[in-house]
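Computed from a predicted model, the values in this text were never measured in an experiment. Positions are given from 1 along the sequence.
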Amino acid sequence: MQITPISCLRDNFAYLIHADGSDRALVVDPSEAAPVIAALEAAGLTLVGILSTHHHWDHVGGNEELCARFDDLEVYGHASDADGGRIPGQTHRLEHEQTFEAAGLAFRALHIPGHTTGAVAYLVEDAVFTGDTLFAAGCGRLFEGTPAMMYASLNEKLGALPDATRVYFGHEYTENNLRFAAHVEPSNADVKAKAERAAALRARGEPTTPSTIGEERLTNPFMRCDSAEIRHSVKLDATATPVDVLAAVRSAKDAF
């Protein structure tokens, strides 16, 4: 399997996915069509499907143009986002743990509400595409979901994946997220080391995607709700629940 990150808009990522030896490709979250079309042409690939992680315009903005250009595109999204046409061109209504095959690859959908109520992650082989739910060292704002939803999505669903699982996220927010992670957990040496690696990548003009689930367990404050130092930083004591901690950390990040 080959995965190609595509920079879109100001800091978005779309991703081309295709099986080894195949010229049929899928794209995750095409916020705009032109960079995706250019990447397809450069690689000699034909687009056969779109995997939408959620309905926000900066993740589905290219759907209509791509559907007009490529015949019979399969467009995947959560079942709840099909109501009202929140994902343009949606043809498949996914539920949690649903499996499907596309472009010769086997996928499993994980419903991961929090950022939106219909957010979906796509798991294929050793990679997961998380949209705006799980970033490197961060998570999306709670626009539609609750702290309890986001806690479960990050720590019980995505967090249950093997450490080696590669995490392909929706935005290049890594350096800022790591600055915040260091702010709430200043003694975390893993955060410092990852920040140094991220800075080196960005200095070379390279993206910080992917991360791994194992790295996120060590560096992502939203997946470290049992950290005494983080609890202290957000002014909570040991009686606070992990969901309380996530809510406080999210509030602090919103104001950071």
Side-chain angles (χ1 to χ4, degrees), residues 1-77 81 85-92 100-107 109 115 119-136 140 166-176 198-211:
M1 179 180 65
Q2 302 296 316
I3 299 170
T4 304
I6 304 170
S7 295
C8 297
L9 302 176
R10 184 171 65 87
D11 54 28
N12 278 74
F13 290 120
Y15 297 98
L16 282 188
I17 313 169
H18 67 99
D20 293 333
S22 173
D23 63 357
R24 297 188 303 148
L26 305 166
V27 64
V28 179
D29 286 355
S31 55
E32 51 182 342
V36 174
I37 293 168
L40 288 164
E41 291 177 345
L45 298 171
T46 299
L47 191 66
V48 298
I50 297 172
L51 307 178
S52 295
T53 63
H54 63 295
H55 68 86
H56 285 163
W57 70 270
D58 62 329
H59 293 258
V60 300
N63 282 27
E64 289 184 345
E65 185 175 343
L66 292 171
C67 286
R69 185 181 180 98
F70 298 94
D71 293 335
D72 301 320
L73 282 190
E74 307 287 330
V75 181
Y76 297 83
D81 277 339
R86 299 215 295 180
I87 294 176
Q90 185 171 350
T91 59
H92 293 269
F100 62 95
E101 183 176 312
L105 295 167
F107 288 85
H115 180 63
V120 174
Y122 295 91
L123 181 66
V124 54
E125 296 184 6
D126 68 340
V128 65
F129 298 86
T130 57
D132 287 2
T133 300
L134 175 60
F135 298 126
R166 293 175 289 164
V167 177
Y168 290 90
F169 43 86
H171 288 270
E172 185 58 83
Y173 292 164
T174 304
E175 288 186 292
N176 183 63
L201 287 168
R202 299 305 293 144
R204 297 195 298 268
E206 298 177 21
T208 60
T209 187
S211 181

Exercise for review: Go through D81 and Q90 one step at a time and tell me if the side chain to side chain donor-acceptor pair (under 3.5 Å) criterion holds.
Suggested key: CA-CA 9 Å; D81 277 339; Q90 185 171 350; over 6 Å; no

**Study point:** Chi angles and distances behind the side chain to side chain contact (heavy atoms under 4.5 Å, CB included) call for R166, V128
**Key:** CA-CA 6 Å; R166 293 175 289 164; V128 65; over 6 Å; no

Practice item. Carefully, step by step, assess T174 and E172 under the rule side chain to side chain contact (heavy atoms under 4.5 Å, CB included). Key: CA-CA 6 Å; T174 304; E172 185 58 83; 3.4 Å; yes

Point to revise | R24 and L47: CA distance, side-chain angles, deciding distance, side chain to side chain contact (heavy atoms under 4.5 Å, CB included) verdict | key: CA-CA 6 Å; R24 297 188 303 148; L47 191 66; over 6 Å; no

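Taking each heavy atom of Y15 and P5 in turn, the nearest pair found is CD2-CA, 3.6 Å. P88 and E64 get closest at one heavy-atom pair: CB-CG, 3.6 Å. The two atoms that bring A136 and S211 nearest to each other are CB-CB, 4.3 Å, heavy atoms only. Between S52 and V60, the shortest heavy-atom distance links the atoms OG-CG1, 3.8 Å. I3 and M1 get closest at one heavy-atom pair: CD1-CE, 3.8 Å. Scanning both residues, D29 and G131, for their nearest heavy atoms gives OD2-CA, 4.0 Å.
Atom CD1 of I17 and atom CG of L26 lie 5.5 Å apart (nearest 0.5 Å). For the atom pair T209 OG1 and F169 CZ, the distance stands at 4.0 Å (nearest 0.5 Å). Here CZ of F129 is found 8.0 Å from CG of L51. Values are rounded to the nearest 0.5 Å. Summarising the geometry, atom SG belonging to C67 is positioned 4.5 Å from atom CD1 belonging to I50; distances are rounded to the nearest 0.5 Å. Taken from OG1 in T53 to CG in D132, the straight-line distance is 6.0 Å, to the nearest 0.5 Å. Interatomic distance, OG1 of T4 versus CG of L45, reported as 7.5 Å (0.5 Å rounding).
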Under 3.5 Å, side-chain donor or acceptor atoms of residues 198-206 against the rest of the protein: list the pairs with distances, not counting sequence neighbours.
residue, atom, partner, partner atom, Å
R202, NH1, E206, O, 2.9
R204, NE, E206, OE2, 3.1

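Taking the six-membered ring where the residue is Trp, H54 and H56 present perpendicular rings, their angle passing 60° and hence far from 30°.
Among pairs with a residue in residues 65-74, those fulfilling side-chain hydrogen bond (donor to acceptor under 3.5 Å, both in side chains) read E41-R69, E74-H92, at least two apart in sequence or across chains.
Remark: aromatic rings of H171 and H59 are close, center separation under 6.0 Å. Under the 6.0 Å cut-off for aromatic ring centres, F100 and Y76 qualify, their centroids lying closer than that.
Between I6 and L16, some side-chain heavy-atom pair lies under the 4.5 Å cut-off. The shortest side-chain heavy-atom distance between W57 and L9 falls under the 4.5 Å cut-off. Side-chain contact between I37 and L66: present, with at least one pair of heavy atoms (C-beta onward) separated by less than 4.5 Å. Residues H55 and I87 are in side-chain contact: their nearest non-hydrogen atoms beyond the backbone lie under 4.5 Å apart.
Proximity of a side-chain donor or acceptor of E32 to a complementary backbone N or O of G62 within less than 3.5 Å is not detected.
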